[in-house]
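Here is the structure we will look at.
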Amino acid sequence: MVHSTRETERKYVAPPGNDISWLPELTGVDRVASLAEHATQELDAVYYDTEDLRLARTRASLRRRRGGTDAGWHLKLPLEGDTREEIRLPLSSEEVPEDLRDLALSRTHGAELRPVMRIRSTRSLRHLLDAGGDALAELSTDAVRADSLLDDDAHTRWTEMEVELADDGDPALLDAIEKVLRKNGVDRAQGPSKVVRALSETTPLLEDTEDARAGAAPGSAGDHVLTYVRRLVDALTDLDPAVRRDLPDAVHRMRTTARRLRSCLRSYRSVLDREVTDPVRRDLRWLGAELGVERDHEVLRERLTSGVRELPGELVLGPVDARLQAWDAARQAEGRRRTLDALATPRYLNLLEQLNRLAEAPPLRAKAAGKPEKVLVKALGREYGRLGQRMDRALDTPSGPERDARIHHARKAAKRLRYAAEAARPALGKPVRRLGKRVKAVQQVSGAQHDSVVARDTLRGLAIAAHTAGEPGFTWGLLHGQERTAAGVRERQLPEAWARARAAARRKGLRL
């Protein structure tokens with residue numbers, strides 16, 4: 001069974017051996033009242049990676065470790081700052097477990113995993129305790145020997161110290177400890193993990209990924225677009241394991257990331273060659289559509305469930321909850337299946353590979369070298385013009401299905417403008433930040449109106465099914481009426497939201 005935990009730790013350079021006479025006094029730091037020493041541990045880990053070290057390059061690691069209190073298979077994935085997620089499985093096999101192979105897929109892109117490094121550590125372990133005897137953090141000193149398994153017989157040795165917070169520990173404790181260590185000449189280790197340090201010292205394969213990337217001139221339009229694209233590619237890579245494990249909000253975030261990427265590649269075709277990016281955009285659209293089945297159902301389920309929950313009991317007639325649960329179960333299972341099937345396709349693996357190439361060797365056009373104030377503003381102007389045309393058509397159309405469709409069409413254009421503004425904001429500053437905020441409001445109002453349209457269609461279907469089964473349709477009709485009223489409110493709010501967005505677009509310093 002897969003077990004997941006989060007670890008927040010910092011590594012420091014330590015003198016050779018396990019003698020801790022060099023260690024400064026930590027009692028009295030923050031809430032540390034005492035140190036409790038534990039028996040020395042012998043740890044033996046074999047690390048797995050692809051031939052070109054794709055896990056290490058993306059700050060992840062996969063190992064099979066014996067010894068210590070947590071022997072087993074460990075997949076470590078980066079989170080924010082000093083925190084990583086560790087996903088564990090027991091030592092049931094010498095082969096990489098399929099579950100962990102799948103969770104690493106967004107990094108390996110399907111390449112074979114093989115042993116690359118053996119790391120043996122002699123660990124001296126101490127717990128930092130508060131006045132009540134509860135552990136605040138774990139302090140370990142490791143004498144490390146690393147032996148390359150990449151057919152070169154290289155090896156290296158070092159000693160390092162780690163300070164790891166206890167579960168739900170306060171990160172401020174790490175800062176307080178580091179302050180004391182620095183005053184006493186103890187510096188942070190350079191590498192993020194043992195295996196990265198070992199690989200860096202034994203093979204030339206692990207070069208600095210950032211330095212190896214092709215790029216545009218610093219401060220240019222292309223530089224800003226690439227920074228945004230690379231951040232999104234990294235986010236998509238990080239979200240893949242969360243989606244596979246069905247973690248809360250993961251599908252929504254991955255779908256939004258795919259949409260942002262697709263929109264950016266469309267908006268900034270003057271910067272990135274569309275002959276390269278258009279196929280990527282098509283695959284991103286496909287991915288967003290597959291994820292959308294599950295995500296759209298999540299949104300609709302919450303809307304309908306909340307609607308029923310908020311009704312007085314006397315207005316809920318018939319087996320409303322039971323019918324809603326049956327509807328939910330069938331569609332939720334279908335959405336989940338579509339998501340997992342999409343992530344298992346060669347098309348998805350090819351998309352990951354294409355995105356990686358796009359980030360590493362971007363197809364820059366001549367305008368990528370231009371000034372952001374010219375190139376990015378022009379791109380924003382094009383998206384603003386499209387939004388204006390669609391919004392004017394929508395607002396000039398009488399209420400009804402045609403207007404609903406045009407509002408939804410305008411909403412898509414608002415998203416594209418908003419995402420284009422996100423990429424340009426670091427370069428263009430406050431005017432673009434204000435524009436993004438106002439366009440987001442347009443998107444939210446039109447999105448709420450569209451959600452009501454979708455909900456009404458679903459409620460009508462539920463009412464028909466209830467009538468066919470001989471059940472009362474009153475509650476479904478009541479909810480349908482409430483949704484129609486809510487849509488009318490949003491439609492009345494839309495002109496004002498659009499007027500605010502137009503004013504933001506015409507402010508001094510932007511002038512779209």
Side-chain angles (χ1 to χ4, degrees), residues 3 5-48 61-76 82 84 86 88-91 94 115 117-130 132-149 155-167 169 173-174 177-178 180-181 184-199 201-202:
H3 174 68
T5 185
R6 293 192 175 196
E7 58 179 26
T8 301
E9 66 179 21
R10 295 180 186 177
K11 295 180 181 292
Y12 299 89
V13 178
N18 281 351
D19 178 13
I20 64 164
S21 59
W22 57 273
L23 189 65
E25 178 62 46
L26 295 177
T27 302
V29 176
D30 202 333
R31 294 182 291 127
V32 178
S34 63
L35 274 66
E37 188 165 351
H38 295 262
T40 299
Q41 299 177 355
E42 296 294 335
L43 310 176
D44 189 346
V46 174
Y47 285 80
Y48 289 72
S61 66
L62 174 62
R63 72 187 178 198
R64 187 187 75 242
R65 190 166 81 178
R66 303 182 187 277
T69 59
D70 61 347
W73 286 94
H74 303 160
L75 174 64
K76 294 193 176 188
D82 301 311
R84 294 185 296 176
E86 183 173 284
R88 302 175 183 172
L89 280 173
L91 285 173
E94 295 296 310
M117 187 68 62
R118 182 183 183 187
I119 296 181
R120 286 166 283 183
S121 306
T122 300
R123 170 167 292 180
S124 296
L125 183 63
R126 296 160 188 85
H127 282 149
L128 307 182
L129 308 177
D130 63 15
D134 294 325
L136 298 170
E138 184 178 279
L139 186 152
S140 59
T141 305
D142 292 348
V144 182
R145 175 188 169 97
D147 298 289
S148 174
L149 303 177
H155 64 271
T156 184
R157 293 177 181 268
W158 72 90
T159 302
E160 69 180 27
M161 185 181 74
E162 295 179 0
V163 182
E164 180 179 342
L165 283 181
D167 292 343
L173 176 60
L174 291 181
I177 292 173
E178 181 160 316
V180 174
L181 294 176
N184 287 272
V186 181
D187 296 323
R188 287 278 290 270
Q190 294 300 312
S193 65
K194 286 184 176 67
V195 68
V196 167
R197 175 169 179 173
L199 289 167
E201 294 183 4
T202 59

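These values consider heavy atoms only, across backbone and side chains, with no hydrogens, waters or symmetry-generated copies. In this text the structure is predicted, and so the values were computed from the model without any measurement.
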Set of residues satisfying side-chain hydrogen bond (donor to acceptor under 3.5 Å, both in side chains) with respect to H38, sequence neighbours excluded = H127
Output all residues satisfying side-chain hydrogen bond (donor to acceptor under 3.5 Å, both in side chains) with R65, sequence neighbours left out; order by chain, then residue number.
->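 If we apply the side-chain hydrogen bond (donor to acceptor under 3.5 Å, both in side chains) test to R65, skipping adjacent residues, the hits are D70.
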Quick one: [atom1] on [X] to [atom2] on [Y], what's the gap to the nearest 0.5 Å?
X: S140; Y: E162; atom1: OG; atom2: CD; value: 4.5 Å
X: R145; Y: D44; atom1: CZ; atom2: CG; value: 11.5 Å
X: L26; Y: S34; atom1: CG; atom2: OG; value: 11.5 Å
X: L43; Y: K194; atom1: CG; atom2: NZ; value: 8.0 Å
X: L75; Y: Y48; atom1: CG; atom2: OH; value: 13.5 Å
X: D187; Y: Y12; atom1: CG; atom2: OH; value: 10.0 Å

Side chains of [X] and [Y] in contact at under 4.5 Å (non-hydrogen atoms):
X: R157; Y: V144; value: no
X: L139; Y: L23; value: yes
X: M117; Y: R63; value: no
X: R84; Y: P192; value: no
X: Y47; Y: L62; value: no
X: R197; Y: Q190; value: no
X: I177; Y: R10; value: no
X: V32; Y: L173; value: yes

Identify the heavy atoms of [X] and [Y] that sit nearest to each other, and give their distance.
X: P90; Y: W73; answer: O-CD1, 3.5 Å
X: A143; Y: T159; answer: CA-OG1, 4.1 Å
X: V46; Y: P115; answer: CG1-CB, 3.9 Å
X: L91; Y: A71; answer: CD1-CB, 4.2 Å
X: A166; Y: A135; answer: CB-O, 3.4 Å
X: L181; Y: P24; answer: CD2-CG, 3.6 Å

Tell me yes or no: between the side chains of T8 and E164, is some donor less than 3.5 Å from an acceptor?
-> no
I would like to know whether Q41 and T69 meet side chain to side chain contact (heavy atoms under 4.5 Å, CB included); could you show each step before the answer?
-> CA-CA 9 Å; Q41 299 177 355; T69 59; 4.1 Å; yes
Take D134 and L129 through the test side chain to side chain contact (heavy atoms under 4.5 Å, CB included) and record every step on the way to the result.
-> CA-CA 5 Å; D134 294 325; L129 308 177; over 6 Å; no
Applied to residues 22-38, the salt bridge (Lys or Arg N to Asp or Glu O under 4.0 Å) test, sequence neighbours excluded, yields E37-R126
In this structure, are over 12 heavy atoms from other groups packed under 6.0 Å from R188 atom CZ?
-> yes
Quick one: does N184's side chain have a donor or acceptor within less than 3.5 Å of a partner on V186's backbone?
-> no
Carboxylate-amine/guanidinium proximity below 4.0 Å for E94 and R66 =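 Looking at R66 together with E94, the answer is yes, because their closest N to O distance falls below 4.0 Å.
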